[in-house]
Trainee: 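The structure follows.
Order of the sequence lines sets the chain letters (A, B, ...), proteins ahead of strands, with each chain counted from 1. Bear in mind the structure is a predicted one, so any value in this text is a computation, not a measurement. Reckoned from all heavy atoms, side chains included, excluding hydrogens, waters and symmetry mates.
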There are 2 protein chains.
Amino acid sequence: MKVDGTHYRTIWLTADDPSTVEIIDQRQLPHRFVVEPLRSVEDTFTAIKDMLVRGAGLIGATAGYGMYLAALQADESRLLEEMVRAGAYLKSARPTARNLGWAVDRMLAAVVELEAPATIRETSLATAAAIADEDAEFCRLIGEHGKTLIQDIARTKPGDPVNILTHCNAGWLAFVDYGSATAPIYAARDAGIDVHVWVDETRPWNQGSRLTCWELGKEAINHTLITDNAGGHLMQHGLVDLVIVGSDRTTRAGDVANKIGTYLKALAARDNDIPFYVALPSSTFDWQLVHGTDIEIEIRSGDEITTIAGLAKNGTIESVRLAPDSVEAANYVFDVTPSRLVNGLITERGILAAEEAAIVELFTDKITDTRSLHVTG
Amino acid sequence: MKVDGTHYRTIWLTADDPSTVEIIDQRQLPHRFVVEPLRSVEDTFTAIKDMLVRGAGLIGATAGYGMYLAALQADESRLLEEMVRAGAYLKSARPTARNLGWAVDRMLAAVVELEAPATIRETSLATAAAIADEDAEFCRLIGEHGKTLIQDIARTKPGDPVNILTHCNAGWLAFVDYGSATAPIYAARDAGIDVHVWVDETRPWNQGSRLTCWELGKEAINHTLITDNAGGHLMQHGLVDLVIVGSDRTTRAGDVANKIGTYLKALAARDNDIPFYVALPSSTFDWQLVHGTDIEIEIRSGDEITTIAGLAKNGTIESVRLAPDSVEAANYVFDVTPSRLVNGLITERGILAAEEAAIVELFTDKITDTRSLHVTG
């Protein structure tokens, strides 16, 4: 991830101040690049809930560091107790994102047998850093595996770009680095393949127009912004070769909760025989769930639909109202794409069918781990 | 159509000034209700192209009055010639909307055999008024026919509202009165049926949040604004009983060009066994076309996606930028829903299958009429 020549991750410990974590306030992109410090569990909760940070992997990594801040803050006499409380609090920030609970449970599992406060704090920091490092490395591997899909298409149309449609932002801004849906795109670019990305605007929070366009711009990847309504038309006209999206929670049978509207794109891809892939690190699997219908879908304020912020002519960020004053708006944040519409899952261990047998076979060790963590946490 | 107790149509001749036509500037809704005069063909062209007026029927009615203004403006020595030129000019304002060409051709057919300038002008006015009156009456009849669909659903769920999803604005703002997709809703309400409407925001021009919400609010119809992304999720969860949309151009085989994103809702309706109906006066049929793939799809400026206007806190209408400065945006305005996804067409003559045989049988007389008009115009 490069921003104007400087390498960034989306979350890091402040240099020379190990009690402060820093993040990019993604609400202000693409208009302003603002780094915000997190110094407490409360800061971390707010950053997740108000979407200063968002995206599967980054929510997990932020929760990891939030648990570390909890360990720093807590009274030494009841350190573990306060970390458990902080974990429950952080988990309540957003209900659908699987990585949130996964990271909290992993942090607790790492320290639950420890006693010395200093050891608990050191282990918390090491575990938070490991979660972040692993997220970046898994996304890099997703890129390597997913690149092969793009290479195969490129071979069928020499001289023409491979057109990839993506929804929301499953880019490096949504993870610690590389991204999930974008990782194969970056890897393909690095391999010299000509790629072009159709970026769904992604209402209501406009992750596509605000974040994915900004990120792809920084990476000099050719891209075109479209409304969420346009993908079906493009697919009908042969303008999309491949769809890659991310996942916020994936069932063991391969149903995928991702940004609202993903399901509509999966339907259009199927109707037009276009491959539809979901890129995800295994941390988004919810091993307890088989059916996507059991995933809790977050509902946020309708204000996110009726008003919108953007850059005014005078250079300030202004919020304007788009709908009549009195209107009610329902803001469902995710939908579930059933596995039957998914051609495959791109994970850190390879590409596999969106089917329970294939998933369980490839990730048997993770399932065991997670079950023990659930008992522990 | 009632606005705060006053009956309006969407287009009318100024009282005491038969050389001026008045319209509502729909770009300023819902924030301001502004009536704008049209005094020339140029005014009319701009009103259609810049979307002061929009919507299948209203574009047709406006073109009719624009041809009347052309007759008033034209040099008497070459009145018909200038009307033919004005017709070509008006037709070029927007390519996909069928009613535009249809109304221009009908205006020309009404005067082409006439000679006296006064007679041509009188006949132009009478024909423009007839187009508008017929549009309103056909929409009223669409309401009567479509109401039966809603009644049938209401009987299956006594005590609960019938949930209808609509895309864009095919309301009275899109026609002269009643609307197409909304007419059955108003007729059902008048028949005492409890209805609730899910209103797709309809990016990028936000006809749903700006116009349909405003119109349904004025009619005191229960409604909830959603993003274009949300309809599939609602359908998966049994929250939609019926989808009704409009059409901007309909082929003789029942393929439907309507606002971009309509196709995605049709796919979701089919995937969830929810009836998907298209309401249209026969003026939207393009009898020359069988396949929807032959419909020209309008492409508008990408600025409609990257910037948006809304009501700022200081009460002014402000435009703000939503995407990075440098971004390219592709703004396809319509898509085509293939007839296989359409459960039926609601027309002024009744509800029929979206199939060539059924369509041609019910509208044989119109087909003959239109072919002769094409030769004339």
Side-chain angles (χ1 to χ4, degrees), chain A residues 30-31 167 198-199 201-204 206 209-210 213-214 217 223-234 236 259-265 267-268 270-271 293 297 302 305-313 317-332 334-336, chain B residues 30-31 167 198-199 201-204 206 209-210 213-214 217 223-234 236 259-265 267-268 270-271 293 297 302 305-313 317-332 334-336:
Chain A
H31 312 303
H167 189 66
W198 295 107
V199 180
E201 177 181 49
T202 318
R203 291 284 295 146
N206 289 34
S209 58
R210 296 198 305 105
C213 284
W214 182 79
H223 62 283
T224 307
L225 174 64
I226 52 173
T227 63
D228 301 309
N229 285 322
H233 174 76
L234 296 176
Q236 286 176 315
K259 184 57 49 198
I260 190 86
T262 301
Y263 166 56
L264 296 172
K265 295 302 139 60
L267 287 169
R270 181 55 52 95
D271 199 46
T293 45
I297 299 297
I305 302 175
T306 56
T307 63
I308 196 163
L311 194 67
K313 290 199 182 67
I317 293 181
E318 293 273 348
S319 182
V320 296
R321 184 164 184 87
L322 304 175
D325 252 352
S326 53
V327 84
E328 292 234 354
N331 186 8
Y332 299 91
F334 301 94
D335 64 19
V336 174
Chain B
H31 312 301
H167 190 66
W198 295 108
V199 180
E201 178 182 49
T202 318
R203 291 285 295 149
N206 288 35
S209 58
R210 297 197 306 102
C213 284
W214 181 80
H223 62 283
T224 307
L225 174 63
I226 51 174
T227 62
D228 301 310
N229 285 323
H233 174 76
L234 296 175
Q236 286 176 315
K259 184 56 50 198
I260 189 86
T262 300
Y263 166 56
L264 295 173
K265 294 304 138 62
L267 286 169
R270 180 55 52 94
D271 198 47
T293 44
I297 299 298
I305 302 175
T306 55
T307 63
I308 196 164
L311 194 66
K313 289 199 181 70
I317 294 181
E318 294 274 349
S319 183
V320 296
R321 183 161 186 89
L322 303 175
D325 252 353
S326 53
V327 84
E328 292 235 353
N331 186 8
Y332 299 90
F334 301 95
D335 64 19
V336 173

Trainee: If I measure from the heavy atoms of chain A, does Pro324(B) come under 4.5 Å with its side chain, its backbone, both, or neither?
Mentor: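 For Pro324(B), heavy atoms of backbone and side chain both lie under 4.5 Å from chain A.
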Trainee: Looking at chain B, which one of Val327(A), Leu234(A), Thr202(A), Thr224(A) has the largest number of heavy-atom pairs inside 4.5 Å, strictly under?
Mentor: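 Ranked by contacts with chain B, first place is Thr224(A).
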Trainee: Of the listed residues (Ser209(A), Gly302(A), Gly231(A), Cys213(A)), which shares the most heavy-atom pairs with chain B below a 4.5 Å separation?
Mentor: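 Top count of heavy-atom pairs under 4.5 Å with chain B: Ser209(A).
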Trainee: Check each atom of Gln236(B) against the heavy atoms of chain A and say whether the ones under 4.5 Å are side chain, backbone, both or neither.
Mentor: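 Just its side chain gets close to chain A.
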Trainee: Are side-chain heavy atoms of Leu322(A) and Ile308(B) found at a separation under 4.5 Å?
Mentor: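 Leu322(A) vs Ile308(B): side chains touch.
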Trainee: As an exercise: rank Asp335(B), Ile260(B), Val336(B) by heavy-atom pairs under 4.5 Å with chain A and give me the winner.
Mentor: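 Among Asp335(B), Ile260(B), Val336(B), the one with the most close pairs to chain A is Ile260(B).
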Trainee: Less than 4.5 Å to any heavy atom of chain A: does that hold for the side chain of Ile297(B), its backbone, both, or neither?
Mentor: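 Just the side chain, heavy atoms under 4.5 Å.
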Trainee: So, applying side-chain hydrogen bond (donor to acceptor under 3.5 Å, both in side chains) with Asn229(A), which one of Thr262(B), Asn229(B), Asp228(B) is it?
Mentor: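 Only one of Thr262(B), Asn229(B), Asp228(B) forms a side-chain hydrogen bond (donor to acceptor under 3.5 Å, both in side chains) with Asn229(A), namely Asp228(B).
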Trainee: With a 4.5 angstrom heavy-atom cut-off, could you sort out which part of Asn206(B) is near chain A: side chain, backbone, both or neither?
Mentor: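 For Asn206(B), the contact with chain A is made by the side chain alone.
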Trainee: Could you state the interatomic distance from CD1 (Ile226(A)) to OH (Tyr332(B)), rounded to the nearest 0.5 Å?
Mentor: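 Reported to 0.5 Å precision, the distance equals 9.0 Å.
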Trainee: Side chain, backbone, both or neither: which part of Ile317(A) has a heavy atom under 4.5 Å from chain B?
Mentor: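 Contact with chain B involves no heavy atom of Ile317(A) at all.
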Trainee: Counting heavy-atom pairs closer than 4.5 Å to chain A, which one of Arg203(B), Glu328(B), His167(B) comes out on top?
Mentor: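 Most pairs with chain A among the choices: Arg203(B).
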Trainee: Could you give the distance from CG (Asn331(A)) to CG (Leu225(B)), rounded to the nearest 0.5 Å?
Mentor: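 Rounded to the nearest 0.5 Å, the CG-CG separation comes to 9.5 Å.
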Trainee: Please check if the side chain of His233(B) supplies one atom and the backbone of Tyr263(A) the other of a donor-acceptor pair under 3.5 Å.
Mentor: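 A pair under 3.5 Å: no.
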Trainee: Could you give the distance from CG (Leu267(A)) to CG (Leu264(B)), rounded to the nearest 0.5 Å?
Mentor: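 One gets 8.5 Å once the value is rounded to the nearest 0.5 Å.
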Trainee: If I compare all heavy atoms of Pro30(A) with all of Ala323(B), which pair ends up nearest, and what's the gap?
Mentor: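 Where Pro30(A) meets Ala323(B) most closely, the heavy atoms are CG-C, 3.8 Å.
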Trainee: Measuring from Thr227(B):OG1 to Glu201(A):CD, what's the distance to the nearest 0.5 Å?
Mentor: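 Going from OG1 on Thr227(B) over to CD on Glu201(A), the span is 10.5 Å.
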Trainee: Please determine, among Ile305(A), Thr307(A), Asp325(A), the option with the most heavy-atom pairs under 4.5 Å with chain B.
Mentor: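 Result: the option with the highest number of such pairs is Ile305(A).
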Trainee: Measure the OG-NE2 distance between Ser326(A) and His223(B) for me, rounded to the nearest 0.5 Å.
Mentor: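 Reported to 0.5 Å precision, the distance equals 6.0 Å.
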